[in-house]
Amino acid sequence: MPDTQPRLHLHDSRTRSTVPFVPLDPQNVRVYYCGPTVYDLAHIGNLRAMVTADVLVRLLRHLYPRVTYVRNITDVDDKINARAHANGESIADLTARTIRDFHEDLQAVSILSPDAEPRATHHIGEMQDMIRRLIESGHAYEAQGHVLFAVSTYPSYGALSGRSPDDLIAGARVEVAPYKRDPGDFVLWKPSDDQTPGWDSPWGRGRPGWHIECSAMSHHYLGESFDIHGGGSDLLFPHHENERAQSMCCHPHGRFANHWVHNAMLLVNGEKMSKSLGNFLTVRDVLRDTPPEALRLLLLRAQYRSVLNFTQAGLDEARQMLDRFYRALEKLDPGITAPPPQRFVQMLCDDLNTPRALAEMHALADDALAHDAAAGGNIAAARLKAAGNLIGLLHDTPEQWFRGGVDVDADAIEALIAERLAARKARDFARADAIRNELAAQGIVLEDGPQGTTWRQA
RNA sequence: GGUCUGGUGGCAGAAUGGUGAUGCAGCGGACUGCAAAUCCGCGAAUGUGGGUUCGAUUCCCGCCCAGACCUCCA
């Protein structure tokens with residue numbers, strides 16, 4: 001039914017407008033996202049970007065036959081050097097451990113692996129090639145052991161982030177290195193001393209600047225032109241602006257990213273997350289006492305371009321929403337499957353409007369809960385599950401969701417339920433309630449239904 | 001200082017030039033021995049001052065407030 005297939009519209013940061021998404025090659029949609037700099041655990045702000053990318057890629061996979069999703073790992077960076085030194089460990093140990101932790105955290109919240117996850121240190125050669133070409137074409141110059149990109153050679157510099165070069169100079173809050181021809185020039189290659197990781201190059205032993213890695217890796221995996229480049233809005237300038245300048249100057253016939261997607265920042269209790277405020281939350285911190293799906297749902301409750309305020313109350317609410325969804329999935333018949341409803345997909349196609357998509361899921365849950373199987377309750381449940389799965393939710397069974405938290409002795413609980421049933425039959429409600437209270441104290445909630453008494457974790 | 005977003009019920013959070021989704025919380029009812037879960041129902045919002053318009057929450061301007069970015073923070 002190609003006529004009824006929803007069309008994806010996405011907001012493009014470069015033009016600051018929401019436009020129809022038209023793939024360069026409908027047979028292979030190509031996406032690049034900026035991944036982590038691996039010096040510390042992922043925090044929930046990092047996670048928002050990764051979840052946004054995940055929903056986008058899942059939706060693209062639903063709409064198109066093939067998607068190539070590349071997400072890099074920055075494993076050469078001065079913050080890494082500083083952290084390894086402070087920890088008294090090798091850079092290799094630090095980055096290996098951080099990458100492993102990053103993968104664990106993302107997997108916990110059902111973020112799918114990218115098709116390629118290149119590491120900067122594995123692509124130094126390509127970066128050097130690009131730098132060489134930029135020097136040869138007059139877009140870059142050497143100065144005091146550094147190679148710098150000359151922003152004045154790229155007339156469109158600033159077009160992506162909507163700034164004029166004059167604004168940038170006026171607002172520069174960092175001291176401008178004296179060897180720069182223009183205050184806006186940025187480093188492509190910089191010298192390393194003996195204590196710092198470095199690679200031999202035509203410009204001496206050194207290491208790459210931050211931006212060049214993404215230009216080199218996106219070109220290597222996706223070509224001169226690809227469909228979508230994404231990341232947090234804080235990357236728009238300077239990182240993405242600089243990436244674009246380098247890539248467009250190095251590959252003048254390409255378009256680099258056709259479409260730019262940026263997610264808004266996350267606040268914690270109304271404040272920007274920062275170590276000095278003491279509100280810096282890692283994914284692990286949150287998952288210690290929250291089911292991973294609740295964290296994921298919390299992030300999807302706001303549209304990705306809105307600032308999202310992270311609170312414990314919001315997390316609790318996300319958990320309650322999932323309780324109801326899983327309650328509805330108890331109506332699911334194992335044999336019944338359904339595609340995600342068109343209206344749900346339509347909402348996602350409207351610039352990833354996950355709040356409206358979730359409203360559709362609530363309607364499906366209503367339907368499933370209010371009707372028995374003969375009246376379509378099981379179909380609604382199947383649709384709900386398909387919808388949830390499309391955005392990386394509802395992967396558990398209701399059994400796992402309601403009972404999966406901590407270790408409990410199910411046999412002991414069943415024995416107490418049997419004892420309570422006997423007491424109720426004898427109309428000894430004092431004893432029956434005492435048993436229920438005893439279990440409640442252990443975090444076990446009893447529910448008396450038409451089919452008998454069931455239990456779940458609070 | 002410059003650039004750019006945004007201010008919607010108690011809270012979270014959509015949408016829209018013409019009766020403002022959804023969720024949580026609250027209130028009433030059904031069900032229950034009482035609960036829990038579920039169901040039915042109810043109340044409740046567009047920061048502020050102007051302008052354009054038959055009509056503005058939506059478009060425009062001022063003000064107030066919040067946030068982001070301004071050379072390596074998702």
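In what follows, chains are A, B, ... by sequence order, proteins preceding strands, each numbered from 1.
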Assess [X] against [Y]: is NZ or CZ under 6.0 Å from the centre of the six-membered ring, and within 45 degrees of the ring's axis?
X      : Y      : answer
A:R403 : A:W455 : yes
A:R163 : A:F237 : yes
A:R327 : A:F402 : yes
A:R383 : A:F344 : no

Output the single nucleotide from [options] whose closest atom is nearest the side chain of [X].
X      : options             : result
A:L267 : B:G67, B:C70, B:C4  : B:G67
A:N353 : B:G33, B:C70, B:A15 : B:A15
A:S233 : B:C70, B:A68, B:A36 : B:A68
A:E447 : B:A36, B:A74, B:C24 : B:A36
A:H362 : B:G67, B:A36, B:U22 : B:U22
A:R327 : B:A37, B:C70, B:C39 : B:A37
A:K272 : B:A21, B:G13, B:A68 : B:A68

Indicate, with a heavy-atom threshold strictly under 4.0 Å, whether [X] touches base, sugar-phosphate, or nothing.
X      : result
A:M265 : base
A:L369 : sugar-phosphate
A:K190 : base
A:E360 : nothing
A:R343 : nothing
A:R424 : base
A:H262 : nothing
A:L266 : base
A:Q320 : sugar-phosphate
A:R48  : nothing
A:H239 : nothing
A:T454 : nothing
A:D433 : base
A:G231 : sugar-phosphate

For [N], take OP1 and OP2 only and decide whether either is under 4.0 Å from a side-chain N or O of [X].
X      : N     : result
A:N242 : B:U71 : no
A:K79  : B:C72 : no
A:R427 : B:C34 : no
A:S306 : B:A14 : yes

Centroid separation [X] to [Y] less than 6.0 Å:
X      : Y      : value
A:H259 : A:H229 : no
A:F256 : A:F226 : yes
A:H123 : A:Y221 : yes

Counter-base of [N], judged by Watson-Crick or G-U geometry with both distances under 3.5 Å:
N     : result
B:C24 : B:G10
B:G43 : none
B:U48 : B:G62
B:C73 : none
B:U3  : B:A68
B:A30 : B:U38

Measure the distance from [atom1] on [X] to [atom2] on [N] and round it to the nearest whole Å.
X      : N     : atom1 : atom2 : answer
A:L329 : B:A37 : CG    : C1'   : 15 Å
A:D234 : B:C69 : CG    : P     : 6 Å
A:F429 : B:A36 : CZ    : C1'   : 16 Å
A:Y39  : B:C73 : OH    : C1'   : 7 Å

Using atom [atom1] in both nucleotides, what's the gap between [N] and [M] to the nearest angstrom?
N     : M     : atom1 : answer
B:G49 : B:G13 : C1'   : 28 Å
B:U53 : B:A14 : P     : 33 Å
B:C59 : B:G1  : P     : 26 Å

Whether A:H211 and A:H239 hold their rings parallel, tilted or perpendicular, with breakpoints at 30° and 60°: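 Tilted: the ring planes of A:H211 and A:H239 meet at 30° to 60°.
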Upstream residue (5' side of RNA chain B) when A:A432 and A:A359 are each assigned their closest nucleotide: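 That would be A:A359.
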Residue closer to the 5' end of RNA chain B, A:Q303 versus A:D323 (nearest nucleotide):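 Whichever sits nearer the 5' end wins; that is A:Q303.
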Check: A:R436 side chain, B:A35 base, donor-acceptor under 3.5 Å: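 Between B:A35 and A:R436, which were checked side chain against base, a qualifying N/O pair under 3.5 Å is present.
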N/O donor-acceptor pair, side chain A:D366 with base B:C39, under 3.5 angstrom: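 No, the side chain and the base share no sub-3.5 Å donor-acceptor pair.
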Which pairs of donor and acceptor atoms, one on a side chain in residues 34-41 of chain A, lie under 3.5 Å apart (sequence neighbours left out)?
{"from": "A:D40", "atom 1": "OD2", "to": "A:R83", "atom 2": "NH1", "distance (Å)": "3.3"}
{"from": "A:D40", "atom 1": "OD2", "to": "A:K275", "atom 2": "NZ", "distance (Å)": "3.2"}

